[in-house]
Number of protein chains: 4
Amino acid sequence: MAPRTTEQFGKIRLEKMVLIMETSLELFAENGYHATSISQIAKKAGISKGLIYNYFDSKKELLDALITHGFDSIFQNFDLKEDGILTKEEFIHFIKQNFNLLRDNLQHWKLFYSLLLQPQVADSFAKDYEERGAPMFQMLFKFIESQGSKDPEGDLMAISAMLEGAFLYCVVAPDIFPMEIMEDKIINACFKIING
Amino acid sequence: MAPRTTEQFGKIRLEKMVLIMETSLELFAENGYHATSISQIAKKAGISKGLIYNYFDSKKELLDALITHGFDSIFQNFDLKEDGILTKEEFIHFIKQNFNLLRDNLQHWKLFYSLLLQPQVADSFAKDYEERGAPMFQMLFKFIESQGSKDPEGDLMAISAMLEGAFLYCVVAPDIFPMEIMEDKIINACFKIING
Amino acid sequence: MAPRTTEQFGKIRLEKMVLIMETSLELFAENGYHATSISQIAKKAGISKGLIYNYFDSKKELLDALITHGFDSIFQNFDLKEDGILTKEEFIHFIKQNFNLLRDNLQHWKLFYSLLLQPQVADSFAKDYEERGAPMFQMLFKFIESQGSKDPEGDLMAISAMLEGAFLYCVVAPDIFPMEIMEDKIINACFKIING
Amino acid sequence: MAPRTTEQFGKIRLEKMVLIMETSLELFAENGYHATSISQIAKKAGISKGLIYNYFDSKKELLDALITHGFDSIFQNFDLKEDGILTKEEFIHFIKQNFNLLRDNLQHWKLFYSLLLQPQVADSFAKDYEERGAPMFQMLFKFIESQGSKDPEGDLMAISAMLEGAFLYCVVAPDIFPMEIMEDKIINACFKIING
DNA sequence: GATGAATGAGTATTCATTCAT
DNA sequence: CATGAATGAATACTCATTCAT
């Protein structure tokens with residue numbers, strides 16, 4: 001008889017929000033943002049279309065929430081040693097951590113990559129990505145320098161390209177490029193580039 | 001008279017086909033496949049919507065034609081030395097050629113990357129890509145081996161990841177990653193990986 | 001104890017009812033019936049959507065209640081001298097009273113006029129309006145007659161049209177047609193019509 | 001076999017445009033703009049929803065076209081003697097013409113009045129209305145003045161209110177206020193106001 | 001070969017209304 | 001009495017595709 005308490009409502013909202021976001025992440029990642037309809041999401045989540053709009057103002061906002069949350073859940077786990085310089089072990093750990101996060105957030109990454117080339121959608125995305133990535137590039141640069149590289153800028157380019165490509169491979173063709181093996185090879189290659 | 005007419009018709013057909021494909025490539029690459037409508041293509045090409053269906057059975061088929069043609073125009077220009085082994089100079093030339101083809105077919109690449117992550121669209125795409133890419137991987141592998149690499153498989157992985165990542169960077173953020181500089185750094189890094 | 005509680009409930013009910021009606025009148029008048037949503041009303045009133053349905057069975061019934069109440073609050077203030085005949089002073093007072101009621105219930109009038117032309121909505125409305133207006137027309141007719149008009153029917157038509165038009169102007173474009181000036185001019189014109 | 005000629009297409013477009021506008025005017029006038037759906041229009045016109053968007057970019061644009069066309073078809077028939085001053089006969093003719101136009105464009109007027117009180121819709125409308133009406137007010141003012149009125153401004157207010165009210169009555173309740181009778185009475189009243 | 005009017009299934013989104021609490 | 005999550009039917013609008021000419 002009595003209305004639900006604020007906590008009860010909060011719990012419901014949180015659960016439904018998570019349900020919607022998880023469902024839509026899955027579909028967006030698998031089929032692409034444009035090719036996924038609100039109806040599909042509702043159907044798969046077992047709720048009505050209208051309910052989605054109770055939580056997100058538009059399809060675009062749902063995507064934005066997904067992106068932001070994705071970035072958060074990926075980047076918050078980084079222990080970026082922004083001030084100091086990485087030791088070799090820390091560097092190795094950093095790369096491994098990257099691969100771990102890739103493993104754990106494969107769908108987020110899939111979504112990110114699929115958005116990367118969709119100009120109209122990627123606006124907010126690109127800026128966010130850049131901002132979040134910048135500290136990592138900086139840290140990498142310092143490390144490369146500290147290792148006595150003769151061309152830190154060039155090596156940074158090569159190494160980040162290699163990492164990006166490796167991630168892309170893992171996302172697109174995980175069976176051809178098994179992550180465990182990739183990981184080692186990439187780490188090795190990094191040192192060869194820096195020291196070579 | 002009859003053959004002449006046929007010939008003329010053939011010429012018109014070819015020209016119109018090229019017009020449609022060029023126009024749609026431009027739009028697909030710039031705005032994405034889903035966000036581009038047949039009407040837009042027709043308008044930009046200065047023809048009627050109906051005419052497009054005179055040449056392609058569906059929007060999807062137009063895309064397929066674009067992909068196939070894109071692969072052709074990229075890969076046909078490769079002088080793949082499939083039987084023999086590349087010399088260092090040939091390897092360098094091969095990489096440079098890759099960058100040149102990227103430069104000359106930026107829109108095709110943009111389209112390809114944007115499709116890479118859209119499974120439903122990329123079905124035919126992925127298989128084709130694999131088939132076409134296989135000889136190149138083979139050639140690379142042989143070269144790496146011939147250079148005395150201690151871990152050819154690993155180095156191949158690292159190098160192809162690096163190339164893929166470099167291409168992606170060039171396509172997505174050409175102003176941050178200038179192709180000319182990238183090219184040199186990547187080539188250097190390749191040798192460091194192989195010899196290091 | 002029981003009656004006390006009932007009384008309190010009754011008081012709460014009444015207060016909430018008034019709150020809902022005032023809020024919805026404001027919104028309906030300002031933005032139109034169709035363009036106003038139950039959610040907006042609830043939000044503006046600081047209550048839940050469900051509560052509105054605790055007092056009114058539907059949006060349409062809320063509107064009907066508003067109309068009826070509007071009529072009541074407008075017409076109940078009239079001291080209609082239905083039996084006798086108005087003196088000149090009483091007639092002038094009657095017109096001024098009309099303008100005063102317009103001033104005091106501008107939103108109601110705004111709503112009424114906006115509904116006047118929406119048949120589906122105005123069904124009950126029109127009948128009510130007619131019933132309520134009839135005595136006023138009668139009274140006016142008697143007065144016009146008593147003033148020696150040669151064509152009381154015609155003058156009644158002209159005068160009521162003028163009043164209606166004046167009210168419409170005041171509601172629609174109050175800054176172009178200032179009520180105070182209108183008032184005098186209309187009263188003058190009435191006598192000119194009757195006596196002319 | 002050969003495609004239709006430009007004229008053929010033009011004819012089709014014109015016919016369909018007229019069909020859509022006539023149908024939607026009818027429905028908007030009868031049921032109101034908001035309460036009329038595109039589906040209803042399409043159904044009544046015997047065409048598909050999509051076709052309507054082939055001719056009008058949005059429901060709002062369809063309305064705008066209707067308004068503009070309505071104004072045109074009403075005002076273009078006026079022989080506004082803007083420079084000179086109306087004779088009595090010309091004035092009478094002007095009023096009668098007004099009623100005739102009302103008779104001939106009853107639906108347009110119904111639509112106009114129903115829009116007058118819908119703020120969000122009436123934006124473009126109000127400005128247009130004002131612009132188109134201004135010359136008529138001017139002409140009326142000059143005439144009233146020329147007839148020796150002691151208070152031309154006041155009389156103009158009274159007369160235009162009366163005309164507006166009369167029109168409104170004719171539109172809303174044509175059976176209670178028969179236009180033919182109204183017409184005469186209103187004209188008479190005008191002169192009584194001016195001379196009185 | 002070429003046109004563009006026409007269709008209809010689909011899209012995102014809104015909103016009055018219900019109902020468990 | 002009061003809440004707001006949930007629904008579902010409706011809305012405006014889009015677009016690949018067809019087809020008569």
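The sequence lines fix the lettering, A, B, ..., with proteins before strands; numbering per chain opens at 1.
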Nearest-neighbour nucleotide for the K59(D) side chain, dA6(E), dC13(F), dT3(E) considered: dC13(F)

What I'd like to find out is whether the side chain of I47(A) reaches to under 4.5 Å of the side chain of T23(A), using heavy atoms alone. no

In whole Å, what is the span from the NE2 atom of H34(B) to the C1' atom of dT14(F)? 14 Å

Nearest to the side chain of L51(C), which nucleotide is it out of dA5(F), dT21(F), dT3(F)? dT3(F)

Whole Å only: how far is the CD1 atom of I52(A) from the P atom of dT14(E)? 13 Å

Hey, can you tell me if F28(B) and Y33(B) have their rings parallel, tilted or perpendicular (30° and 60° cut-offs)? perpendicular

Rounded to the Å, how far apart are L63(B) CG and dA16(F) P? 12 Å

Hey, which of these two, Q8(D) or G46(C), hits DNA chain F nearer its 5' end, going by closest nucleotide? G46(C)

Partner nucleotide, any strand, of dT21(E) [Watson-Crick/G-U, under 3.5 Å]: dA2(F)

Give a yes/no on whether any side-chain N or O of R13(C) is located under 4.0 angstrom from OP1 or OP2 of dC1(F). yes

When all nucleic acid strands are considered with a 4.0 Å heavy-atom cut-off, which category describes F56(D): base, sugar-phosphate, or nothing? nothing

Whole angstrom is fine here: how far is it from CD in E7(D) over to P in dT21(F)? 17 Å

Derivation of the side-chain contact (heavy atoms from CB on, under 4.5 Å) call for L27(A) and S24(A): CA-CA 5 Å; L27(A) 288 170; S24(A) 55; 5.7 Å; no

Between atom CZ in F28(B) and atom P in dC15(F), what is the gap in whole Å? 13 Å

Judged by each residue's nearest nucleotide on DNA chain E, which is more toward the 5′ side, Q40(C) or Q40(A)? Q40(A)

Length of the CD1-P vector between I41(D) and dC13(F), whole Å: 10 Å

Nearest-neighbour nucleotide for the N54(A) side chain, dG1(E), dA5(F), dT3(E) considered: dA5(F)

Would you indicate what K49(B) reaches in the nucleic acid, counting non-hydrogen atoms under 4.0 angstrom: base, sugar-phosphate, or nothing? base

Sugar-phosphate only, base, or nothing, as touched by T6(D) at under 4.0 Å among non-hydrogen atoms: nothing

Separation of L14(C) atom CG from dC1(F) atom P, in whole Å? 13 Å

Nearest-angstrom distance from the residue atom NZ of K43(C) to C1' of dT14(E): 15 Å

Out of dA6(E), dT17(E), dG1(E), whichever nucleotide has its closest atom nearest the side chain of I38(C): dT17(E)

Nearest to side-chain heavy atoms of S48(A), which nucleotide of dA2(E), dT3(F), dG8(F): dG8(F)

Looking only at side-chain atoms of Y53(A), point me to the closest of dT21(E), dA12(E), dC1(F). dA12(E)

Using the closest heavy atom to pick a nucleotide of DNA chain F for each, name whichever of K16(C) or S39(D) lands nearer the 5' end. K16(C)

dA5(F) OP1/OP2 closer than 4.0 Å to side-chain N/O of R4(A): no

Taking the six-membered ring where the residue is Trp, are the ring centres of F112(B) and F71(B) under 6.0 Å apart? yes

Of the listed dT21(E), dA12(F), dA6(F), the closest approach to the S37(D) side chain comes from dA12(F)

Of the nucleotides dG1(E), dT3(F), dT17(F), which has the atom closest to the S58(B) side chain? dT17(F)

E15(B), K16(B), E22(B), M21(B) screened by side-chain contact (heavy atoms from CB on, under 4.5 Å) with V18(B), the one that passes: E22(B)

dT13(E) pairs with which nucleotide, Watson-Crick or G-U wobble, both distances below 3.5 Å? dA10(F)

Give a yes or no on whether the backbone of T5(A) and the side-chain of Q8(A) come within a donor-acceptor separation of less than 3.5 Å. yes

